[in-house]
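Sequence lines set the chain letters: A, B, ... in the order given, protein chains first and strands last, and positions in each chain run from 1. Note that these values count all heavy atoms, side chains included, but never hydrogens, waters or copies made by symmetry.
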Number of protein chains: 4
Amino acid sequence: MTDAITARSPREVLVKIFDQVRSASEALAAPFSAEDQTIQSMTDASPVKWHLAHTSWLFETFILKPFAAGYVPFDESYEYLFNSYYNSVGAQYPRAQRGMITRPGAEEVRAYRAHVDKAMVKLIRNVSDNSFAKVRQLVRLGLNHEQQHQELLCTDIKHGLSFNPADPAAFTAPDPVSDDGAPSLGWVRFDGGIAQTGVNWELEEFAFDNEGPRHKSHLEPFRLANRLVTNAEYQNFMEDGGYETAALWLSDGWALVNQETWTAPLYWRSTEDGWSEFTLHGRAPITPHAPVTHISFYEAAAYAAWTGKRLPREGEWEVAASPQLIEGNFLSPGTSPHPTTVNGSKAPLRQMFGDCWEWTQSSYSPYPGYRMPPGAVGEYNGKFMSNHMVLRGVSCATPEGHMRASYRNFFYPQQRWQFSGIRLAEDG
Amino acid sequence: MTDAITARSPREVLVKIFDQVRSASEALAAPFSAEDQTIQSMTDASPVKWHLAHTSWLFETFILKPFAAGYVPFDESYEYLFNSYYNSVGAQYPRAQRGMITRPGAEEVRAYRAHVDKAMVKLIRNVSDNSFAKVRQLVRLGLNHEQQHQELLCTDIKHGLSFNPADPAAFTAPDPVSDDGAPSLGWVRFDGGIAQTGVNWELEEFAFDNEGPRHKSHLEPFRLANRLVTNAEYQNFMEDGGYETAALWLSDGWALVNQETWTAPLYWRSTEDGWSEFTLHGRAPITPHAPVTHISFYEAAAYAAWTGKRLPREGEWEVAASPQLIEGNFLSPGTSPHPTTVNGSKAPLRQMFGDCWEWTQSSYSPYPGYRMPPGAVGEYNGKFMSNHMVLRGVSCATPEGHMRASYRNFFYPQQRWQFSGIRLAEDG
Amino acid sequence: MTDAITARSPREVLVKIFDQVRSASEALAAPFSAEDQTIQSMTDASPVKWHLAHTSWLFETFILKPFAAGYVPFDESYEYLFNSYYNSVGAQYPRAQRGMITRPGAEEVRAYRAHVDKAMVKLIRNVSDNSFAKVRQLVRLGLNHEQQHQELLCTDIKHGLSFNPADPAAFTAPDPVSDDGAPSLGWVRFDGGIAQTGVNWELEEFAFDNEGPRHKSHLEPFRLANRLVTNAEYQNFMEDGGYETAALWLSDGWALVNQETWTAPLYWRSTEDGWSEFTLHGRAPITPHAPVTHISFYEAAAYAAWTGKRLPREGEWEVAASPQLIEGNFLSPGTSPHPTTVNGSKAPLRQMFGDCWEWTQSSYSPYPGYRMPPGAVGEYNGKFMSNHMVLRGVSCATPEGHMRASYRNFFYPQQRWQFSGIRLAEDG
Amino acid sequence: MTDAITARSPREVLVKIFDQVRSASEALAAPFSAEDQTIQSMTDASPVKWHLAHTSWLFETFILKPFAAGYVPFDESYEYLFNSYYNSVGAQYPRAQRGMITRPGAEEVRAYRAHVDKAMVKLIRNVSDNSFAKVRQLVRLGLNHEQQHQELLCTDIKHGLSFNPADPAAFTAPDPVSDDGAPSLGWVRFDGGIAQTGVNWELEEFAFDNEGPRHKSHLEPFRLANRLVTNAEYQNFMEDGGYETAALWLSDGWALVNQETWTAPLYWRSTEDGWSEFTLHGRAPITPHAPVTHISFYEAAAYAAWTGKRLPREGEWEVAASPQLIEGNFLSPGTSPHPTTVNGSKAPLRQMFGDCWEWTQSSYSPYPGYRMPPGAVGEYNGKFMSNHMVLRGVSCATPEGHMRASYRNFFYPQQRWQFSGIRLAEDG
């Protein structure tokens with residue numbers, strides 16, 4: 001009973017969540033050998049043990065050092081070694097060389113984590129009441145950060161293992177895609193008007209700075225496809241010469257397709273028995289009804305052009321994904337916010353969360369009124385607001401708790417190693 | 001008298017405009033030797049004589065071949081040689097190798113132009129009434145296209161000549177910047193509300209497809225600086241360590257600054273007597289009160305961050321530049337669209353057109369409802385709608401007639417060889 | 001009669017030779033337009049007018065400035081602009097950007113030449129007797145240098161024009177190759193022993209420093225093919241899968257073949273009617289019996305491997321090419337230096353000079369006792385003594401007077417834009 | 001007694017040697033963690049466990065598969081995975097991606113080695129007498145190959161660990177360099193004449209194909225320095241502006257120095273307390289009297305130029321290193337082959353073996369009469385005979401048994417990660 005009471009105290013709730021997220025990272029890394037955890041297969045990716053160390057570094061740097069009096073760092077040299085890109089903290093070990101670091105090894109990184117965890121739990125329990133709110137806010141940020149790295153850990157090791165001609169499996173469990181067919185493609189219509197998007201800070205326990213401020217924008221009527229584009233549909237595009245038809249591509253995409261000689265999504269390989277793809281559980285035949293994934297923005301846009309449709313804008317996607325929709329997300333009088341049935345059938349939106357990140361046609365820019373926060377936190381999201389495209393939804397590799405309508409993921413238009421897919425849109 | 005009447009006929013008006021624009025290109029090229037006209041100093045730039053030929057190619061390909069019965073091309077091989085990027089027309093001579101083409105030479109390109117001009121005038125005068133409207137529309141497009149190349153001719157030859165250690169002058173006339181001081185910096189405030197931007201096709205004689213459709217968007221209250229940032233102000237940024245302060249830069253910009261070791265705008269050089277810059281009339285000391293130019297988007301954004309302000313959004317800029325503003329560009333009831341005086345003084349917007357292109361914080365994307373036109377015209381603007389940033393206003397090198405509030409110029413954020421500058425903005 | 005006497009004076013002889021060589025350069029450049037003369041198609045090549053200017057620069061820098069009192073340079077800025085690679089003279093305009101220099105143009109370069117020529121003739125006639133010998137030596141060096149650039153002018157403009165899809169002809173005269181068949185392949189045998197190679201300074205009027213010192217080396221018996229490998233023979237190699245057979249290639253060559261996707265000599269193109277090649281008089285079908293040319297060292301070595309033979313060593317080639325051969329070039333007693341008939345027929349060596357430079361298997365290194373001369377002259381040849389391979393003989397583009405058995409040409413093993421071919425060798 | 005007899009049997013002798021060499025590799029790898037063994041820090045280097053696997057692959061591929069009836073490969077996929085560059089065996093896993101292979105891990109590679117070792121010992125003991133000679137020859141080749149990889153293992157892991165800012169030690173033992181001062185520099189003179197160099201197959205138990213055939217060459221009189229250039233001497237060169245003086249450098253070297261901004265040997269770092277260097281036992285101050293090492297051929301040549309001396313030719317080095325010297329290595333009558341005392345003191349050659357590989361001025365080319373052996377063995381050495389320079393002697397990292405006067409090591413002139421140093425030479 002004492003335990004139950006304690007567990008409900010905000011400090012113990014935080015300890016519990018902290019422990020859950022931290023343990024989840026270690027569980028994810030558990031199947032990987034010391035060798036697996038060491039490699040970096042491209043500059044965009046990072047070693048498994050780097051993810052484990054860097055996420056600990058964040059707690060150490062932004063919470064333990066300023067708040068935990070007497071905290072002794074595990075190793076002073078880590079401040080430099082595991083800084084990802086925070087210029088305000090100091091210089092960083094070169095990103096492209098993370099795979100050159102063999103020491104600390106996987107075992108020592110685990111010890112580093114234990115050291116940080118112990119100090120963090122102690123801090124959460126003992127920090128002054130004055131500081132607790134600030135610490136809790138930072139812990140939340142740190143845990144959300146760690147969860148983002150859990151996803152990257154999966155996509156990065158997948159990329160790394162893909163270089164092995166033996167097609168090794170990362171996990172024994174199958175990828176979370178089923179082959180029970182896809183529903184027929186339908187469209188959900190949304191009226192236009194003034195939309196309010198961006199995080200509502202009062203309703204969300206946590207959101208990143210780039211999700212706000214909540215703001216108004218004007219949307220024209222639009223329709224969203226009720227599901228993601230499937231592998232089978234994407235193969236139709238391929239077989240129709242999609243990768244050879246300049247007119248379907250943005251200029252930069254067409255240049256890239258030719259330079260990289262792309263003819264299929266990343267990880268696909270043409271075999272005698274048709275296309276196969278490398279997955280987290282090894283190489284497998286393409287699942288026709290599963291959402292196509294590991295495609296670049298350029299491929300998504302070319303596919304959309306081939307169908308005569310387009311990609312969604314991020315505001316459209318957010319409106320469609322918002323639970324508040326029914327309660328009047330559209331402010332303009334006379335607007336009916338209810339999804340309309342299309343094609344003679346009720347067509348609710350499926351696969352909005354949990355399958356693939358969905359490329360939008362929106363560049364990643366600051367919302368009106370956004371100011372980059374001062375200090376290191378401002379480097380978290382704000383400084384990447386050029387050259388990236390926004391993706392919405394969450395993928396099969398995203399940990400729970402990131403399923404927010406306002407969540408903005410962002411990658412370069414050429415990147416393909418995330419679980420990124422396509423939802424079509426069209427004007428209303 | 002007959003002449004006067006004829007001159008007022010739509011066909012003769014078109015002939016006259018055609019002749020004016022075509023002659024203007026030749027006048028621009030006249031000071032340049034055959035050698036000057038041949039070189040290509042980077043892939044982004046093109047040789048002078050290529051500009052002269054390619055603009056003729058456009059008339060030949062899109063007007064003379066389809067509309068002028070019996071037209072004999074000047075040289076069949078030019079269809080390939082002077083195609084810039086129109087995949088729908090056919091293959092293109094590689095862009096990066098335009099400077100390798102010595103034949104046709106400058107003289108032969110002039111003959112090509114004369115051949116095309118003669119056929120065009122004949123066509124305009126003799127084409128059937130049925131086809132005249134279509135031809136006129138295409139001629140307008142061709143002439144606006146040619147004017148864009150007139151500007152590129154200037155910026156490209158400037159770049160080319162800048163490689164010459166003798167700092168040769170392109171033109172004897174001075175650059176159109178005066179040194180009579182800049183007004184003190186003031187701010188013009190605009191209320192928020194629903195804005196209508198994008199070209200109003202009924203009011204404009206000509207606009208590019210990417211300027212429309214006219215559409216609504218929601219703007220928050222904002223202020224624009226009453227003038228451009230000056231060289232003197234930009235030097236303050238430089239002297240304050242702007243180029244060494246990571247926190248001011250977007251991540252990609254910071255990487256570029258370090259990779260390219262940028263420490264000043266393009267064409268600036270540090271001398272014993274202070275900074276000088278290479279201009280179209282040779283090397284000259286920096287003019288303190290002239291607008292800073294030849295900077296990248298990254299530099300513009302870093303400068304804005306240094307001042308605590310930001311760059312304008314393209315919708316904001318367009319609202320501010322619109323003559324229709326006073327007549328109720330803002331649709332929301334209760335909004336006062338009149339510019340407000342700031343800083344205790346009347347501060348009208350200056351330098352909106354004719355000094356520098358002004359970087360905005362808006363990515364170049366399709367407006368709501370925009371569809372890429374089918375065929376070659378769709379390749380004119382639409383396929384570049386990724387990775388570019390929008391610039392507004394026109395520069396000192398832009399020909400007359402491109403001074404439209406809706407005009408959208410676009411370049412990559414790293415490009416600096418255009419006359420690009422900075423106007424600051426801030427929230428409400 | 002006075003004229004005849006004057007002409008025989010050493011000074012007038014030198015004036016005459018000077019005039020001949022200088023005029024030859026201008027005659028070579030005469031067919032090329034100002035545009036042709038401006039471009040630089042790769043870093044290895046230089047613009048025509050750069051060759052014309054740089055060769056004048058050499059006379060100005062190394063002769064006029066030190067010896068001609070009161071000489072006024074044509075343009076002080078040329079010292080930097082037309083310095084090729086002489087660090088001891090000063091900094092050099094970047095080699096890769098020579099094609100960016102449009103001013104001085106072709107006409108002004110001609111004026112520069114006339115200015116230098118006038119001063120040179122005056123100097124040759126008026127220099128003190130004390131200095132004349134030194135001046136004559138330097139003039140000889142300058143003229144031989146200019147002749148080397150005459151050859152480069154041809155190979156560079158050929159490379160530049162090859163980028164033009166119209167395949168323009170540089171010269172109206174045909175390439176100096178005849179199609180009257182090649183003699184059947186025979187072998188000329190040479191006994192081994194101690195050879196003396198390297199220039200004999202007492203017998204040669206002029207030779208480059210790298211051709212000496214004359215020195216002994218030991219050669220094993222060897223045979224040289226009596227003629228160069230023909231296009232037809234090389235096509236056999238191609239058709240036998242030469243470019244796809246790793247075992248025939250040096251490791252670096254095989255990497256290059258795959259990287260560059262080479263499948264034929266430079267300038268060859270596969271057409272419906274068989275292979276054609278771009279020549280100095282335009283595109284033409286391959287001449288089967290002409291020597292194959294425009295191949296890299298790697299291709300020469302792979303071809304030799306395919307035949308089971310090898311490339312000659314430079315000492316072997318020089319022994320075979322030496323007129324002194326009959327007079328006992330081999331010092332070892334008992335050695336018969338006379339070429340032996342092979343294959344039942346008298347088989348003298350053909351095509352040793354004037355068709356193609358012949359790749360040897362010898363790296364370009366200093367001869368025993370060679371010391372790099374001090375000062376700028378030492379930069380002429382000595383500093384390139386790494387990574388290059390020696391070629392012997394002279395090509396169809398080499399001016400007369402360079403036909404020496406001791407002449408050492410050198411290029412990187414991957415370079416193909418010279419007239420380079422293959423003579424086979426085998427152990428004796 | 002039985003043991004002693006057995007041990008003397010050729011088969012058991014071979015088993016013993018086999019076991020010694022194989023065990024030595026494992027002993028070398030023992031200090032390295034699984035993480036250490038995985039990384040590849042540049043294309044030139046390979047992971048530790050790759051070295052361990054590839055050397056086993058060689059025995060499996062060239063001996064077990066053809067000679068051991070019923071041999072079952074450990075893993076069929078290794079044929080591709082651990083093939084280094086033998087095109088005649090089949091395709092190879094891309095060299096630049098060896099560091100991406102995490103599976104097999106270090107433990108599994110050890111099992112692979114045990115599997116191969118067991119089969120090899122069985123084969124050596126049981127192979128038919130007919131095949132034993134051939135097997136023994138191949139085993140010798142395989143063991144010498146493995147020893148070469150033992151050295152590469154050391155230089156590669158050194159390079160890999162050098163990326164770690166913590167400067168980790170590979171081994172606890174100090175580098176085998178002593179600081180008891182260097183003898184004063186002296187010169188040993190050798191008369192010229194006809195030398196016989198290249199391996200004498202009758203006297204050597206084992207040598208690589210590229211060490212022969214034994215052949216004659218003519219050498220002029222020369223002198224070799226009695227010891228290697230020291231760190232202190234090399235620092236004098238650095239302090240005298242060696243890295244900034246173009247005139248000292250070969251042209252390609254000068255370009256590289258500027259491109260790579262080299263100012264010191266690889267692994268040197270300037271600290272407040274002077275220069276330090278990264279070694280196999282961590283970072284340490286420079287030892288003044290130790291031989292300078294980790295320099296490129298270009299640096300060696302520039303240093304030699306700075307002293308007014310030169311690098312040795314490989315024939316000179318071999319003559320000087322030959323034990324047969326005293327017995328008349330020089331064939332010319334009247335030549336005294338005995339080293340002469342110089343500088344008034346007896347100055348024997350020191351450090352010819354075991355400190356650093358010594359750059360020569362000789363390109364790596366085939367000796368007269370050398371033919372690349374057919375099949376895979378021909379790929380071992382012959383196909384690298386372009387673009388490399390010969391190094392002589394053996395380094396501190398070379399296993400015993402490679403100390404032959406005829407041994408030819410070869411690397412690209414720009415490579416610095418081997419233990420490469422300088423011995424000066426001069427003419428006569």
Inset, instruction - Sort out for me which of A:G375, A:G428, A:P374, A:G369 touches chain B most, counting heavy-atom pairs under 4.5 Å. - result: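 Going by pairs under 4.5 Å, I would pick A:G369.
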
Between chain B and chain A, which donor-acceptor atom pairs come closer than 3.5 Å, counting both backbone and side-chain atoms?
| unit_1 | atom_1 | unit_2 | atom_2 | d |
| --- | --- | --- | --- | --- |
| A:S251 | N | B:K383 | O | 2.7 |
| A:D252 | OD1 | B:Y412 | OH | 2.4 |
| A:D252 | OD2 | B:N387 | ND2 | 2.7 |
| A:D252 | OD2 | B:Y412 | OH | 3.1 |
| A:Y298 | OH | B:N387 | ND2 | 2.6 |
| A:G308 | O | B:R371 | NH2 | 3.1 |
| A:S363 | OG | B:S363 | OG | 3.0 |
| A:R371 | NH2 | B:G308 | O | 3.1 |
| A:K383 | O | B:S251 | N | 2.7 |
| A:N387 | ND2 | B:D252 | OD2 | 2.7 |
| A:N387 | ND2 | B:Y298 | OH | 2.6 |
| A:Y412 | OH | B:D252 | OD1 | 2.4 |
| A:Y412 | OH | B:D252 | OD2 | 3.0 |

Inset, instruction - Using non-hydrogen atoms and a 4.5 Å limit, figure out which bit of B:P368 sits close to chain A: side chain, backbone, both or neither. - result: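 Its backbone and side chain both get close to chain A.
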
Legend entry - Portion of B:P366 that has a non-hydrogen atom of chain A nearer than 4.5 angstrom: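 Both backbone and side chain.
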
